[in-house]
Participant: 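Sending over a structure as structure tokens; questions will come in a sec.
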2 protein chains.
Amino acid sequence: MNNKQKIYFFSETEVEGNKNMSDLLGGKGANIAEMCSLKIPVPPGFTITTQECVSFIKNKKISPGLKREIGNNIKKVEVASGKSFGGENPLLLSVRSGAPVSMPGMMETILNIGLTKKTIPLLIKKTKNEKFVYDSYRRLIMMYADVVMEKALKKNKTNLPIRDQMEKMLDKMKKKNKYKNDASVSSESWLDLSKKYLKLYEKCFGENFPDNELDQLDGAVRAVFSSWNGKRAKEYRAFEKIPSDMGTAVNVQTMVFGNMGVGCGTGVAFTRNPSSGEKSFYGEWLEDAQGEDVVAGLRTPSPILEKDGSEKSLERSIPKAFTKLNRIRTKLEKHFKDMQDIEFTIENKKLWMLQTRTGKRTGVASIKIATDMVDERLISKKEALLRVKPLQIYESLLKNIVTEDLEKNSPVSFGLPAGPGASSGSVVFSAEKAEALGKKGKKIILIREETSPEDIHGMHYSEGILTSRGGLTSHAALVARGWGKSCVVGCQDLSIDKGGRSATVGIHKIKEGDNITLNGSSGEIYLGKLRLYQNPIESAHSLNLLLGWADDVRKLKIRTNADTPEDCDRALGFGAEGIGLCRTEHMFFDEKRVHDFRKMILSNTTKERVKHLQRLLPYQTRDFYNILKKMDGKPVTVRLLDPPLHEFINIHKRELEVLALDLGVSKNSVEERVEALKESNPMLGHRGCRLGVSYPEITAMQSKALLGACFKLKKEGYKPMLEIMVPLVSHFKEFLNQKNIIKGVYDELRLKNKSSINFKIGTMIEVPRACLSSGQIAEHAEFFSFGTNDLTQTTFGFSRDDTGTFFPSYLENKIISVDPFEQIDEEGVGRLMEIAVQGARSTQKNLSIGICGEHGGEPKSIAFCKMLGLDYVSCSPYRVPIARLAAAQVEI
Amino acid sequence: MNNKQKIYFFSETEVEGNKNMSDLLGGKGANIAEMCSLKIPVPPGFTITTQECVSFIKNKKISPGLKREIGNNIKKVEVASGKSFGGENPLLLSVRSGAPVSMPGMMETILNIGLTKKTIPLLIKKTKNEKFVYDSYRRLIMMYADVVMEKALKKNKTNLPIRDQMEKMLDKMKKKNKYKNDASVSSESWLDLSKKYLKLYEKCFGENFPDNELDQLDGAVRAVFSSWNGKRAKEYRAFEKIPSDMGTAVNVQTMVFGNMGVGCGTGVAFTRNPSSGEKSFYGEWLEDAQGEDVVAGLRTPSPILEKDGSEKSLERSIPKAFTKLNRIRTKLEKHFKDMQDIEFTIENKKLWMLQTRTGKRTGVASIKIATDMVDERLISKKEALLRVKPLQIYESLLKNIVTEDLEKNSPVSFGLPAGPGASSGSVVFSAEKAEALGKKGKKIILIREETSPEDIHGMHYSEGILTSRGGLTSHAALVARGWGKSCVVGCQDLSIDKGGRSATVGIHKIKEGDNITLNGSSGEIYLGKLRLYQNPIESAHSLNLLLGWADDVRKLKIRTNADTPEDCDRALGFGAEGIGLCRTEHMFFDEKRVHDFRKMILSNTTKERVKHLQRLLPYQTRDFYNILKKMDGKPVTVRLLDPPLHEFINIHKRELEVLALDLGVSKNSVEERVEALKESNPMLGHRGCRLGVSYPEITAMQSKALLGACFKLKKEGYKPMLEIMVPLVSHFKEFLNQKNIIKGVYDELRLKNKSSINFKIGTMIEVPRACLSSGQIAEHAEFFSFGTNDLTQTTFGFSRDDTGTFFPSYLENKIISVDPFEQIDEEGVGRLMEIAVQGARSTQKNLSIGICGEHGGEPKSIAFCKMLGLDYVSCSPYRVPIARLAAAQVEI
């Protein structure tokens with residue numbers, strides 16, 4: 001891109017740019033031009049292109065050509081505004097940055113350029129408003145000192161930033177004169193303050209404040225150019241991966257004044273409610289104010305609409321300007337086909353538009369606006385699908401703390417936001433207690449140092465979970481996110497007292513039964529029971545509408561990870577089309593069962609083991625029967641026992657004694673067996689199909705339970721679609737070994753039932769070797785499912801449980817920017833997946849391949865899976881709607 | 001292969017086969033034919049082809065065509081031998097199996113076929129030796145009953161195998177008649193026994209013993225055919241990966257008799273000494289004996305050569321036959337150009353050769369024979385290089401137990417043979433004691449439950465290591481093999497008593513200071529100090545000769561893994577061309593240093609850590625200086641700190657207290673820090689370059705030590721060739737991060753020393769992601785070295801420390817046949833290596849790539865590395881000679 005035109009002029013009668021030129025004019029400049037074309041009143045001005053910024057940074061000076069062009073354009077502005085820059089009826093200008101990509105907080109603004117010893121009396125004469133002129137002047141000095149001198153040139157010789165020093169002087173002046181607010185300050189006081197500012201300016205920078213309008217403009221333009229390479233901006237770009245060679249445009253525009261008294265004002269508004277998405281005008285304004293006063297919070301702004309109940313509403317205060325603004329609101333939405341975020345100023349009852357841009361919105365609003373706009377025929381269904389970010393759906397389903405309560409309370413501490421959404425309830429410190437009270441319907445917050453698989457049941461019955469240790473990928477975090485539960489982890493202030501019935505957070509003591517509230521989206525922790533709200537039912541209507549359209553478009557199937565009939569219900573409600581991962585081990589954590597399960601583990605002979613497995617068979621059969629029945633006609637992938645056995649016997653001495661008694665052996669011998677089961681690296685140990693190979697009787701029992709359930713359902717007229725999944729296969733012979741056991745069990749049941757059923761035997765692809773030898777495995781397997789959690793661990797060679805020690809320094813050193821456990825690492829893990837898919841499909845062209853790792857619910861990973869040609873993704877129930885939308889977006 | 005000729009005849013005047021036809025005639029048949037061609041006296045006969053065996057197994061019958069052919073060939077044998085099958089001057093036949101591939105112990109033999117009620121008196125008449133004839137008859141009945149009836153037809157109706165029953169009857173007869181040995185049995189007793197055998201035969205099989213020579217032959221041929229699919233043979237083939245469709249040939253040959261009294265005998269011999277390789281005739285014979293009597297061990301055989309001191313030597317007993325045999329010996333070696341293993345029989349002073357084949361030999365003999373034969377111009381140097389198996393070199397370097405002592409002592413127990421070679425010495429139970437006594441020159445055997453990195457120093461000073469736990473890939477096993485130390489692990493009989501100063505093995509008590517002897521090649525454990533011997537110095541001469549030739553041929557460079565100057569000396573002695581892996585962590589295990597190192601680990605701030613690192617700097621500099629000096633002019637790859645830090649603080653409470661005192665903090669706080677360092681999966685935890693990223697000061701200190709040593713050496717006129725290796729990189733940014741630290745240190749030293757040095761910065765490729773993104777890493781790295789130990793762990797997803805629990809069932813279920821930690825798994829790990837090499841070389845065409853895992857010393861893996869285009873392999877010092885030979889063989 002090499003554009004010769006350095007500046008684009010805009011006024012109500014002449015426009016050179018348009019909304020598609022944001023690369024060159026920045027988002028702000030392009031939209032201002034567009035508004036001019038729409039005959040919307042915008043103060044005349046011009047935009048210096050981003051190219052000029054790039055060349056300024058390269059050459060470290062403003063080119064003579066640009067200087068000339070600025071001069072020419074000022075003349076055009078003088079004509080359009082009927083004012084004169086530095087002369088009679090003085091023209092004042094604003095200078096604002098405007099990059100092609102939104103960089104919030106990175107904006108530099110200098111207002112009131114053109115006020116000098118010469119023009120001040122002229123403007124007073126013209127406006128007959130001395131107070132307004134001096135107010136404007138002190139603002140100019142402060143902004144110039146801050147933006148041009150301090151930030152751009154780094155000239156400040158004092159320690160405190162000059163802006164802070166000036167704010168202090170303003171406060172002092174107001175206190176001394178007992179002014180309640182800015183509006184009540186007298187013109188003398190403003191003049192006095194201006195003089196003090198000028199002195200401070202000289203002291204700080206060793207030079208006088210420029211008293212020439214062209215010098216002021218030149219400084220302001222340079223400052224905006226330089227801001228592109230400021231520290232803050234650079235960091236932001238690095239973080240957001242914004243190219244650093246874009247540059248920012250500079251908007252130079254005729255000042256209009258909201259600070260000239262009654263009939264004047266300035267405001268910001270959204271064309272619809274950005275929080276609920278409702279189609280009603282939403283915004284605030286301040287009478288007699290300029291620039292950023294509305295957002296600065298020094299005075300409380302008034303609403304725009306009368307119905308919001310304020311006497312100072314714009315609708316009531318300046319009805320003509322309101323009517324005009326409301327008409328513009330409709331015009332802008334029709335034109336831009338999206339909700340707009342606008343800024344305006346009213347100067348002596350005349351409305352001027354200063355900016356329009358696409359408005360940010362909550363998840364709920366996003367969904368509501370998108371579906372409403374389809375209804376209003378502003379956008380197509382496909383456009384609506386692209387308007388909503390998949391994670392906004394998740395957000396729309398969460399509970400939040402009522403705003404009033406948030407304002408009244410301060411958090412006592414914070415941890416890592418591990419499970420979004422708010423929760424509040426009564427504190428317990430053990431999973432057992434959580435289960436006992438939760439079952440009775442009490443709202444429970446479970447506090448633990450960290451959680452383990454044994455806490456699962458208690459977590460299930462808790463509203464929220466809070467831990468003192470662990471990171472965003474700790475056990476607690478994973479389980480909470482899987483279940484859509486509010487969760488805060490790694491709160492370092494929190495320490496659980498010995499005895500485990502109370503804790504301290506900083507100076508606060510929390511006892512069992514006390515109420516606390518967690519904000520799992522921010523990590524904040526509050527004492528007491530704050531009120532929560534969930535988004536209204538209408539938003540559910542919009543959501544279903546949107547997801548229905550998504551289903552029409554998407555080709556990727558969406559399954560869910562579910563271990564219980566309750567999970568199934570939830571997931572079916574969210575639109576799941578099957579189960580992609582049912583973990584059989586969770587079924588053993590029940591108190592009664594785990595005892596039998598432990599006896600099985602501690603068996604010394606196959607005979608003993610078979611005996612104890614027999615006891616588990618009816619449980620498992622019933623569990624599988626219930627799940628398969630719920631999912632009737634939909635595929636259900638059940639993974640055979642996967643975790644290392646010692647995970648089940650991480651128990652107290654007392655329990656060991658009971659076990660020993662029950663097994664009829666000595667306590668010592670049980671302890672020895674427990675010790676022998678411990679492993680150096682359990683993640684890489686005796687688990688997955690390795691269990692099934694060394695204890696074929698476990699595979700046989702589970703197969704019997706699964707197939708038995710199917711035969712029963714078939715007899716009852718159901719259509720179970722079972723897929724038995726062998727975990728952690730690295731060599732096709734491991735798979736074959738397990739497949740033969742399953743087939744053996746089937747053959748037995750087939751004869752016994754004198755009937756046959758359809759089911760598949762497949763495998764989880766979760767270690768690199770399985771990917772590399774997928775062709776061989778696909779010769780025998782009937783489906784593949786990627787287990788990207790384990791695959792990520794083995795591909796990188798780090799375990800999720802141990803990354804806490806070095807991930808922080810990796811983030812700090814920018815070695816990784818995205819957690820590969822959240823989003824598929826395409827270069828490494830993704831490449832292995834590609835190799836696996838190619839290998840498998842070259843053996844079996846139509847092999848069903850899915851993914852059931854945590855990544856199955858992450859939008860970018862879903863897009864990647866689609867690209868690889870996968871058939872389905874499977875994710876936790878709460879992520880099913882996200883996946884439905886993400887899968888649709890991939891197709892569009 | 002479809003051959004129409006069913007049978008190949010051989011005699012001194014007519015030969016149809018030759019030595020290259022072993023596929024069709026079996027090894028035995030082909031070589032018999034070859035001997036006939038060489039005019040060596042062989043009893044006439046014929047070989048039925050392997051194809052006929054295959055078709056017999058398929059059709060379950062002997063084809064009429066083959067029957068006819070057998071008849072025709074018997075006629076030819078009758079002519080050649082001048083005897084008649086079933087008539088006057090009766091021809092007796094032997095029937096022996098002979099497969100294309102040697103299957104030791106799988107051989108079936110039936111002798112003396114043709115003895116019937118009709119031919120017995122004829123033979124007695126002809127030989128005038130009733131005793132011989134009845135001896136031969138009882139042998140026929142026993143072999144026929146065993147091989148034809150029992151093994152082939154499985155007809156036995158009694159429980160005890162018929163052979164055992166018959167042996168018992170023979171013993172009873174000898175006891176009753178007070179016969180000292182078989183030779184003193186009278187003809188009446190043999191006749192009596194034969195009659196008893198016939199009765200038992202009838203009782204067992206419900207039929208009479210066949211009294212027709214053709215029926216006997218038919219039965220014998222069927223039995224040999226059937227033996228190919230016997231249980232033993234099938235299992236052996238499965239284990240040795242021999243195709244099951246080869247079939248066995250059948251050799252039918254005129255019987256000659258060593259059991260006709262004085263001037264008769266039978267023997268086996270090697271054309272050179274199979275143990276030392278010396279060029280001297282080596283073998284044994286028995287006077288008046290038949291068939292397998294020599295190897296059966298019922299009588300003690302006599303030597304062949306007179307010089308071996310026995311009066312009964314063949315040389316002295318039947319000098320004519322000896323001279324003839326000695327001439328044949330030379331002829332065979334010249335012809336076959338290799339040492340032969342021969343069988344012969346002498347019938348009335350006439351020598352008959354029954355078999356010749358390539359002789360099995362020890363490692364020492366293999367090397368000696370190969371180099372001698374080059375000297376004798378029998379074979380070329382290249383052939384010599386192919387004659388020796390790489391692992392035989394290793395074997396040739398080991399100590400062995402003196403044979404006499406072996407015969408006098410029985411092992412008290414055994415474990416897994418983890419480090420080959422024998423060792424004997426005085427027992428200690430702690431590494432400290434081993435070090436203390438070992439330093440004084442005492443020969444020590446270290447006994448531990450299992451070893452850990454903290455035991456390294458003690459292991460270093462021990463002759464042998466014995467553990468009660470752990471498998472072939474346990475820490476003890478790995479370290480022992482690396483150092484070429486004798487080691488037995490996982491001896492389940494062994495339990496170390498509380499207090500750790502004694503142990504029990506079965507019923508035996510072993511106290512500290514007691515002597516024991518280990519055979520690390522077999523896993524056997526002996527009480528007492530058995531005498532050991534190492535192979536003579538001449539074998540070292542042959543070895544050097546052979547390896548010199550290997551060096552001329554090979555292109556792959558051979559480096560070594562060495563951590564100390566002593567390792568360097570050893571490896572240089574073995575011909576290493578550089579260090580491929582120097583592990584810096586081993587340098588910290590010294591008692592004094594580990595204390596400082598622990599203080600570094602337990603530091604809470606960077607400042608503290610830097611302080612403690614400063615203390616370690618001089619140690620490390622000195623260590624590196626010494627190693628680089630030793631390896632002057634040769635590349636030395638040094639790996640930065642790799643293991644998880646908690647490996648260094650696995651210590652007693654008392655030591656913790658000392659540390660706490662020394663650090664000036666509470667014991668609790670040290671304990672907390674130790675606890676915090678523990679990881680769920682240390683293998684996948686905070687280790688490798690992850691340490692260097694989070695503690696850059698460690699990398700800086702090590703770089704300073706390494707580069708500092710180089711600058712010093714350069715000043716002193718040496719040419720250090722340092723290669724700094726960053727471990728466990730999975731993302732190129734990790735590498736860059738570490739590279740920048742090293743470069744920073746270098747820049748500092750360069751300025752300080754006003755000089756520059758050449759060195760490389762590269763990385764270890766040991767996790768799948770590094771292989772997959774090798775192209776990116778190669779943009780920044782100056783060399784790669786595969787760490788195939790970790791790569792194997794992550795590719796399969798199992799940790800070497802935890803495979804003990806499931807590997808046994810994997811072997812049992814034939815899921816794996818080769819330990820992937822010993823030999824590179826080409827399908828999985830190998831494919832990743834291939835991807836890595838391709839990626840790297842596409843970025844940097846000439847990037848130096850090596851391997852420094854355990855696999856670097858394994859012949860098949862070396863061949864694979866060569867195929868991938870690697871530049872070098874690095875292995876433990878003792879494996880360097882193996883690697884030199886293996887690398888040469890790859891080129892040939």
Side-chain angles (χ1 to χ4, degrees), chain A residues 644 676-677 679-688 690-691 693-696 728 730-734 736-737 766-773 776 790-806 808-810 812-816 820 825 827-832 835, chain B residues 644 676-677 679-688 690-691 693-696 728 730-734 736-737 766-773 776 790-806 808-810 812-816 820 825 827-832 835:
Chain A
L677 281 169
E679 297 185 291
S680 310
N681 298 285
M683 181 64 62
L684 304 175
H686 197 183
R687 52 173 290 234
R690 297 165 198 162
L691 289 172
V693 171
S694 44
Y695 305 127
L728 213 70
S730 66
H731 195 290
F732 76 93
K733 287 188 184 167
E734 288 173 306
L736 261 188
N737 173 290
E766 47 185 338
V767 297
R769 203 184 183 286
C771 296
L772 296 162
S773 64
Q776 290 178 323
D790 271 306
L791 192 57
T792 301
Q793 299 195 85
T794 43
T795 303
F796 277 90
F798 47 56
S799 103
R800 199 161 54 179
D801 297 331
D802 299 311
T803 50
T805 41
F806 59 89
S809 49
Y810 269 50
E812 202 181 301
N813 286 293
K814 294 187 182 122
I815 291 170
I816 52 167
D825 158 54
E827 283 171 6
V829 177
R831 194 157 164 218
L832 274 178
I835 289 171
Chain B
L677 281 169
E679 297 185 291
S680 313
N681 299 285
M683 183 63 63
L684 304 176
H686 196 185
R687 52 172 290 235
R690 296 164 199 161
L691 290 171
V693 171
S694 43
Y695 305 126
L728 212 71
S730 65
H731 195 290
F732 76 94
K733 285 187 185 171
E734 289 172 306
L736 261 187
N737 173 289
E766 48 185 337
V767 297
R769 201 184 184 286
C771 297
L772 296 162
S773 65
Q776 289 178 324
D790 271 307
L791 191 57
T792 301
Q793 299 195 83
T794 43
T795 303
F796 276 91
F798 47 55
S799 105
R800 196 160 55 177
D801 299 330
D802 299 313
T803 50
T805 39
F806 59 90
S809 49
Y810 270 50
E812 200 182 303
N813 286 292
K814 297 194 180 115
I815 290 171
I816 54 168
D825 157 55
E827 283 172 5
V829 177
R831 192 156 168 217
L832 274 179
I835 290 171

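All chains are named by letter (A, B, ...) in the order of the sequence lines, taking the proteins before the strands, and each is independently numbered beginning at 1. Not measured: the values here are computed from a predicted model.
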Participant: Closest heavy-atom contact between B:L728 and B:G688?
Facilitator: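 Residues B:L728 and B:G688, closest heavy atoms: CB-CA, 3.9 Å.
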Participant: With chain A, which of B:G828, B:P696, B:P768 has the greatest number of heavy-atom pairs at distances under 4.5 Å?
Facilitator: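 Among B:G828, B:P696, B:P768, the one with the most close pairs to chain A is B:P768.
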Participant: Work out which heavy atom in B:N681 is nearest to a heavy atom in A:S799; give both atom names and the distance.
Facilitator: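 Looking at all heavy atoms of both residues, the closest pair is ND2-OG, 3.5 Å.
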Participant: Given a strict heavy-atom distance threshold of 4.5 Å, which part of B:I835 is in contact with chain A: side chain, backbone, both, or neither?
Facilitator: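 The side chain, not the backbone.
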Participant: Which residues pass the side chain to side chain contact (heavy atoms under 4.5 Å, CB included) test with A:E679, sequence neighbours left out?
Facilitator: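 For A:E679 the side chain to side chain contact (heavy atoms under 4.5 Å, CB included) partners, ignoring immediate neighbours, are A:P644, A:H646, A:P682, A:H686, B:D802, B:T805.
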Participant: Considering only heavy atoms, which portion of B:S730 lies under 4.5 Å from any heavy atom of chain A: side chain, backbone, both, or neither?
Facilitator: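 For B:S730, the side chain is the part near chain A, not the backbone.
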Participant: Closest heavy-atom contact between B:T795 and A:L772?
Facilitator: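 In this case the closest contact between B:T795 and A:L772 is CG2-CD1, 4.1 Å.
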Participant: Quick check for you: among B:M683, B:R769, B:K733, which has the greatest number of heavy-atom pairs under 4.5 Å with chain A?
Facilitator: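 Max contact count across the listed options: B:R769.
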Participant: Which one of A:T794, A:L677, A:L832, A:I816 has the most heavy-atom pairs closer than 4.5 Å to chain B?
Facilitator: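 If we count pairs closer than 4.5 Å to chain B, A:T794 comes out on top.
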Participant: Search all heavy atoms of A:R831 against all heavy atoms of A:E827 and return the closest pair with its distance.
Facilitator: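 That closest heavy-atom pairing would be CB-O, 3.4 Å.
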Participant: Heavy-atom pairs under 4.5 Å with chain A - which of B:V829, B:V693, B:D825 has more of them than the others?
Facilitator: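 Of the candidates given, the most pairs with chain A belong to B:V693.
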Participant: Mind ranking B:L736, B:N737, B:I815 by heavy-atom pairs under 4.5 Å with chain A and telling me who comes out on top?
Facilitator: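 Of the candidates given, the most pairs with chain A belong to B:I815.
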Participant: Of the backbone (N, CA, C, O) and the side chain (C-beta and beyond), which part of B:Q776 lies under 4.5 Å from a heavy atom of chain A, both, or neither?
Facilitator: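 Contact with chain A: side chain only.
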Participant: Could you list the residues that satisfy salt bridge (Lys or Arg N to Asp or Glu O under 4.0 Å) with A:D790, not counting sequence neighbours?
Facilitator: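 Salt bridge (Lys or Arg N to Asp or Glu O under 4.0 Å) list for A:D790, sorted by chain: A:R687.
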